[in-house]
Amino acid sequence: MPEGHTIHRLALDHQQELAGDVLAVSSPQGRHARLAAVLDGHVLESVEAHGKHLFYDWLDAPGLHIHLGLVGRFRQNPSPPPAPSSTVQLRLAGPRATVDLIGATTCELIDQSGRELILGRLGPDLLAAEDNPEPAWTRLSGRSVPMAAALLDQRNLSGVGNVYRSEALFLNGIHPERPASSLSRDEFDRLWGTLRTMLRQGVEDRRIVTVHPSERASVGDGVVEVGPEDSFYVYKQQHCRRCGTPIRVWPVAGRRVYACEHCQPPPGSA
DNA sequence: GCCGAATGCCCAA
DNA sequence: TGGGCCTTCGGCG
């Protein structure tokens, strides 16, 4: 489930429940045993999210860089924590909480220059406290890449993943194949705003629900749990919830994109 | 039981 | 562009 909202939520949670304490760090699965030994017994000072990257800073120990990839996740443990399962790559155990890292593609020690290298490759973070769309606009405005590809390229802007790209393009009536260069500044600004709102909501909800409450089938007292059918406009949907047109699915930039070609007119169909 | 897919990304060719 | 890596889960025999 890791798009930018998940990563920023994890940073907030870990900052709150782990930072400031001495942590017991271990690698039950064994793969990161050496790394764990270096960090074990140190005080976690702070946790930061940038795009889909997590950075942990310690007192008198090197930084920790984690990227969850497609299937990685953190498992929250009850207190006291049970014995870790064999797939736990890294366990961070503090007096107030214990979290387990599973399935991550990157878990490494990193120095300041390594960190700057990563940050230098990232476009502006939609979830940064002070967002700055200008570098993204500059990069996109001259290019012919399809918008659906541009949104997944973290060098343009960071935090967007496969669900948010389809949903935000739909809400702005932008066909996935539209070249980035065809967007007006106004369209770009609205798209940026949509993505920022969606991602912020995702941080709060701890999940992705893009459909506006007034457009959900299960409107009512709002207590009703929102199911997958009611969470997305086009992602993994059969028909457009606004016009009924069958949703088209096809790969762009190696991932499946979903669109309503009535609400999102293909380029050149004017 | 096996296979593919899943909210990601890197690398080789 | 295609395959590899990480793990879990659901569908299909």
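Quick note: numbers below take in every heavy atom, side chains included, and nothing from hydrogens, waters or symmetry partners. In what follows, chains are A, B, ... by sequence order, proteins preceding strands, each numbered from 1.
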- Quantified in whole Å, what is the P atom distance between nucleotide dC10(B) and nucleotide dT8(C)? 23 Å

- Item | Carboxylate-amine/guanidinium contact E3(A) R165(A), below 4.0 Å | no

- Task: In whole angstrom, give the distance that lies between atom CZ of R255(A) and atom C1' of dA6(B).
- Result: 8 Å

- Message: Please tell me if T87(A) has a side-chain N or O lying less than 4.0 Å from either OP1 or OP2 of dT8(C).
- Response: yes

- Message: At 4.0 Å (heavy atoms only), tell me whether G161(A) reaches a base, stays on the sugar-phosphate, or touches nothing.
- Response: sugar-phosphate

- Looking at dT7(C), dT8(C), dC9(B), which one has an atom nearest to any side-chain atom of H67(A)? dC9(B)

- Item | Separation between the P atoms of dC9(C) and dC9(B), rounded to whole Å | 22 Å

- Query: Can a side chain N or O of R256(A) be found less than 4.0 Å away from OP1 or OP2 on dA6(B)?
  - Reply: yes

- Nearest whole angstrom, please: distance from the C1' of dC10(B) to the CZ of R121(A). 10 Å

- Query: Have E177(A) and W250(A) got a donor and an acceptor in their side chains that come within less than 3.5 Å?
  - Reply: yes

- Please check if the distance between the ring centroids of H65(A) and Y56(A) is under 6.0 Å. no

- Message: With a sphere of 6.0 Å drawn around CZ of R155(A), does it hold more than 12 non-hydrogen atoms of other residues, nucleotides or ligands?
- Response: no

- Query: Starting at CD of E108(A) and ending at C1' of dC6(C), how long is that distance when rounded to a whole Å?
  - Reply: 15 Å

- Message: Output the rounded distance in Å from NZ (K52(A)) to P (dC10(B)).
- Response: 10 Å

- Task: Mind checking R165(A) for me? I need base, sugar-phosphate or nothing, with any heavy atom below 4.0 Å counting as a touch.
- Result: nothing

- Taking atom C1' of dG8(B) as reference, at what distance in whole Å does atom CD1 of I66(A) sit? 15 Å

- Item | N or O in side chain of R73(A) less than 4.0 angstrom from dA6(B) OP1/OP2 | no

- Message: I'd like the P distance from dG13(C) over to dA5(B), given in whole Å.
- Response: 15 Å

- Task: Hydrophobic side-chain clustering at under 4.5 Å (ILVMFWY, transitive links): who's grouped with V43(A)? Put none if nobody.
- Result: V22(A), L59(A)

- Query: Between dG8(B), dA6(B), dT7(C), which nucleotide has the shortest distance from any of its atoms to the side chain of K236(A)?
  - Reply: dA6(B)

- Message: Could you check whether D205(A) pairs with R9(A) (Lys NZ or Arg NE/NH1/NH2 to Asp/Glu carboxylate O, under 4.0 Å)?
- Response: no

- What's the closest nucleotide to the V71(A) side chain, out of dG8(B), dT8(C), dT7(C)? dT7(C)

- Message: Between P on dA5(B) and CG on N162(A), what's the gap in Å once rounded to a whole number?
- Response: 14 Å

- Message: What's E167(A) touching, base or sugar-phosphate or nothing? Going by heavy atoms closer than 4.0 Å.
- Response: nothing

- Taking only heavy atoms on the protein side, list every residue of residues 142-156 of chain A lying under 4.0 Å from any atom of DNA chain B, sorted numerically. Q154(A)

- Item | Sugar-phosphate, base or nothing in reach of T105(A), heavy atoms under 4.0 Å | base

- Between dC10(B) atom C1' and H65(A) atom NE2, what is the distance in whole Å? 13 Å

- Note: R115(A)-E48(A) ion pair, threshold 4.0 Å (strictly below): yes

- From CG of L70(A) across to C1' of dG4(C) the rounded distance in Å is 13 Å

- Task: Please determine if a side-chain N or O atom of Q29(A) lies less than 4.0 Å away from the OP1 or OP2 oxygen of dT7(C).
- Result: yes

- Just call it for I208(A): base, sugar-phosphate, or nothing, with non-hydrogen atoms closer than 4.0 Å on any strand. base

- Query: E3(A) has a side chain; which of dC6(C), dG8(B), dT8(C) sits nearest to it?
  - Reply: dG8(B)

- Query: NA contact type, H5(A), heavy-atom cut-off 4.0 Å: base, sugar-phosphate, or nothing?
  - Reply: base

- Query: Contact class for R207(A) (heavy atom, under 4.0 Å): base, sugar-phosphate, or nothing?
  - Reply: nothing

- Message: Taking the basic N atoms (NZ, or NE/NH1/NH2) and the acidic carboxylate oxygens, is any pair closer than 4.0 Å for R242(A) and E215(A)?
- Response: yes

- Task: Indicate whether any N or O donor in one side chain lies under 3.5 Å from an N or O acceptor in the other, for R190(A) and N172(A).
- Result: no

- Taking atom P in both dC6(C) and dG1(B), what distance in whole Å separates the two? 23 Å

